[in-house]
Amino acid sequence: MPSGDRIKTIVAYAHESYSEHEGGQVADYIPQLANADPSMFGITVADASGGLYSAGDADVEFSIQSISKAFVYALVGEALGHNVVREHIGVNNTGLSFNSVMAIELNEGHPMNPMVNAGAIATTSFMPGDTPAEQWENIRTGMSRFAGRSIELDGAVYRSEIANNQRNKALAGLLESYHQITGNPMDAVDVYTRQCSLLVTTRDLAVMGATLAAGGINPVTGKRVISADVCRDTLAVLASTGLYERSGDWLFEVGLPAKSGVSGGIVAIAPGKGAIGTFSPLLDSAGNSIRGQQATAHLSRALGLNVFASNVDSARSNGDD
Ligand code: DON
């Protein structure tokens, strides 16, 4: 990572460069998300020693949505080990959208990976806890350890999604018909919907990502959240599936494991170096934030973070020069 002053300048420049972009649409299939302010745009970079550098709406809270899948996968991996999620859920890309029914049918009822909705609901069902309420509290406290502060549910987003998530209920029912989910599938959907409704900021996303970058130790609190082995597994899954059917394009352009969410957040992780959290609710057709993708791509180059680059100069190139 460059010096703190240099990172600060680069983050401010990235924010200024992409703040005028107005394309894309806010998510509206969860009615409460349609109320998002499309002008919001925040960026935070966290380095692996706890330095934080922000620009724009970095302290505005939004529901974490699908980004929760990465951290719940890590918590379940920590509790159950390397093989359980791999065997029961898998780690391969579906090539289809995040809520695809076809992906399950084309793969003999298999949920395929923990970052699509079906695999995430099944992963949540593995979370330790004797009751759904205990599983939910273990998820909330576990994700709070990643963020380094107590994060809370947005009740309005939760109620709005639970009243309109017939598709997730159908996915969970389909998994049940293939014996691919443990416990009551509707309980798993409920806990999953709660985890998606946790409120975070770009600062939280950057700290959560930097914890994965720093081998499982939160660089701000100094406390271990998960093991280095689970971080490695999580980053591998994010690299292949974090941006759904666009994961290949993302790796090609940005070169970082990452996870997006439909409320407009993206977290990207540079192993051993740090993480980038962005928020802008205007999405492309795959449900990924447009300004978030542009700003993260720029920051990956400017900070020299591409994991496939053999030296800093090639990490800073966009392939055209
Ligand atoms: O399950 C859902 O539909 C949402 N709670 C989360 C979807 C999501 O964030 C997809 N990501 N881009």
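We count ligands from 1, going down the list as the structure has it; atoms in each ligand are counted the same way. Keep in mind that what you see is a predicted model, and the values were worked out from it rather than measured.
R203 has no carboxylate O lying under 4.0 Å from a charged side-chain N of D59, or vice versa, which leaves the two without a salt bridge. Salt bridge annotation for D233-R86: absent, with no cationic side-chain nitrogen under 4.0 angstrom from a carboxylate oxygen. The pair R232-D229 meets the salt-bridge criterion, since a charged nitrogen lies less than 4.0 angstrom from a carboxylate oxygen.
Nearest to atom 10 (C) of ligand 1 among the protein's heavy atoms is S66 OG, 2.8 Å. Closest to atom 3 (O) of ligand 1, if we only count protein heavy atoms, is Y29 OH, 2.5 Å. Summary of contacts: the protein heavy atom closest to atom 1 (O) of ligand 1 is Y192 OH, 2.6 Å. Atom 11 (N) of ligand 1 has as its closest protein heavy atom Y244 OH, 3.1 Å. For atom 12 (N) of ligand 1, the closest non-hydrogen atom on the protein side is G287 O, 3.2 Å.
If you number the atoms of ligand 1 from 1 as listed, the ones under 4.0 Å from a heavy atom of G261 come out as 9 (O), 11 (N), 12 (N). Under a 4.0 Å criterion applied to the non-hydrogen atoms of C196, ligand 1 contributes the atoms 5 (N).
Residues I89 and Q180 fail the side-chain proximity criterion, which asks for heavy atoms closer than 4.5 Å. No side-chain heavy atom of L198 sits under 4.5 Å from any side-chain heavy atom of E152.
Aromatic rings from H110 and Y178 are positioned such that their centres are separated by 6.0 Å or more.
Inclusion of Q65 in the set of residues having an N or O under 3.5 Å from an N or O of ligand 1 is warranted. Checking only distances, V262 does come within under 3.5 Å of ligand 1, N or O to N or O.
Counted by atom type alone, Y158 and R194 present one or more donor-acceptor pairs between their side chains at under 3.5 Å.
Contact annotation for R167 and ligand 1: no heavy atom of the residue comes within less than 4.0 Å of the ligand. Contacts of N168 with ligand 1, taken as heavy-atom pairs under 4.0 Å, involve the side chain alone. Residue contacts with ligand 1 for N117 involve side-chain atoms from C-beta outward but no N, CA, C or O (heavy atoms, distance under 4.0 Å).
Residues V307 and L305 fall within the same hydrophobic cluster, defined by Ile, Leu, Val, Met, Phe, Trp and Tyr side chains chained together at heavy-atom separations under 4.5 Å.
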